[in-house]
Amino acid sequence: MTASAQPLDLSFTAPIEKDGSFPTFVTVPGSAEALGTRKAVKVAGVVDGHEFAATLMPSGSGPHWLPLRAAICTAIGKGSAGDEVTVQLRHRLS
């Protein structure tokens, strides 16, 4: 982690979603309140035991969306809409 990384402790379980905005993503409940912003935020964490770094994207109406890259979906063996994943956001990078 970089020197500017801030600890973050936000864990949740959510279903994978798919639509035109991002191919594969999960909605991060309570993210705007936990992060103090509705803007894009870079984070690092773990999804179903696999580390990742990503940019949480604002939904415009409240919580952020966490895009799941194809490599993560392959690593965890999930990627279909409705598949549940457990996410731990551990560091805020921006």
Side-chain angles (χ1 to χ4, degrees):
M1 293 294 113
T2 65
S4 63
Q6 301 170 13
L8 182 60
D9 183 18
L10 181 59
S11 298
F12 62 95
T13 300
I16 290 175
E17 301 177 58
K18 293 179 176 270
D19 77 12
S21 299
F22 303 103
T24 307
F25 67 97
V26 295
T27 298
V28 183
S31 60
E33 295 79 13
L35 298 167
T37 185
R38 293 190 190 278
K39 296 181 180 179
V41 177
K42 293 181 183 181
V43 296
V46 177
V47 60
D48 280 359
H50 292 271
E51 291 188 9
F52 72 92
T55 300
L56 297 180
M57 302 305 294
S59 66
S61 62
H64 290 77
W65 293 321
L66 170 62
L68 296 176
R69 295 181 185 191
I72 286 290
C73 291
T74 299
I76 64 174
K78 297 177 182 176
S80 298
D83 289 347
E84 287 208 341
V85 294
T86 299
V87 179
Q88 296 172 310
L89 300 180
R90 296 182 172 169
H91 299 281
R92 181 176 176 163
L93 306 175
S94 70

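Residue numbers start at 1 and run along the sequence shown. Both backbone and side-chain heavy atoms feed into the values below; hydrogens, waters and symmetry mates do not. Everything numeric in this text was worked out from a predicted model, so none of it was measured.
Shown here are the side-chain contact (heavy atoms from CB on, under 4.5 Å) partners of Thr27, two or more places apart in sequence or in another chain: Glu17, Phe25, Pro63, Trp65. Legend: residues meeting side-chain hydrogen bond (donor to acceptor under 3.5 Å, both in side chains) with Gln88, ordered by chain and number and at least two apart, are Arg90. With sequence neighbours excluded, the residues satisfying side-chain contact (heavy atoms from CB on, under 4.5 Å) with Ile16 are Thr24, Val26, Leu68, Lys78, Asp83, Val85. Applying the side-chain contact (heavy atoms from CB on, under 4.5 Å) rule to Ala75 yields the partners His50; only residues at least two apart in sequence or on another chain are considered. For Thr86, the side-chain hydrogen bond (donor to acceptor under 3.5 Å, both in side chains) partners are Thr13, not counting sequence neighbours. Remark: Thr37 engages no residue in a side-chain hydrogen bond (donor to acceptor under 3.5 Å, both in side chains) (not counting sequence neighbours). Residues satisfying the side-chain contact (heavy atoms from CB on, under 4.5 Å) criterion with Ala54, sequence neighbours excluded, are Phe52, Leu66.
Clustering ILVMFWY residues whenever any of their side-chain heavy atoms sit less than 4.5 angstrom apart, transitively, puts Leu8 in the very cluster that holds Val47. In terms of hydrophobic clustering, with Ile, Leu, Val, Met, Phe, Trp and Tyr side chains grouped at heavy-atom distances under 4.5 Å, Leu10 and Val43 are assigned to a common cluster. Hydrophobic clustering of Ile, Leu, Val, Met, Phe, Trp and Tyr side chains at less than 4.5 Å, counting indirect connections, unites Ile76 with Phe12.
Identified under the salt bridge (charged side-chain N to carboxylate O under 4.0 Å, His left out) test for residues 26-39, with sequence neighbours left out: none. Applying the salt bridge (charged side-chain N to carboxylate O under 4.0 Å, His left out) rule to pairs touching residues 52-64 yields nothing, sequence neighbours excluded.
Separating the CZ atom in Arg92 from the CG atom in Asp9 is a distance of 14.5 Å, to the nearest 0.5 Å.
Other cluster members for Val46: none, since no ILVMFWY side-chain heavy atom sits under 4.5 Å from it.
Looking only at side-chain heavy atoms (C-beta outward), Leu56 and Leu35 come within less than 4.5 Å of each other.
Of all heavy-atom pairs spanning Met57 and Ala40, the tightest one is SD-CB, 4.4 Å.
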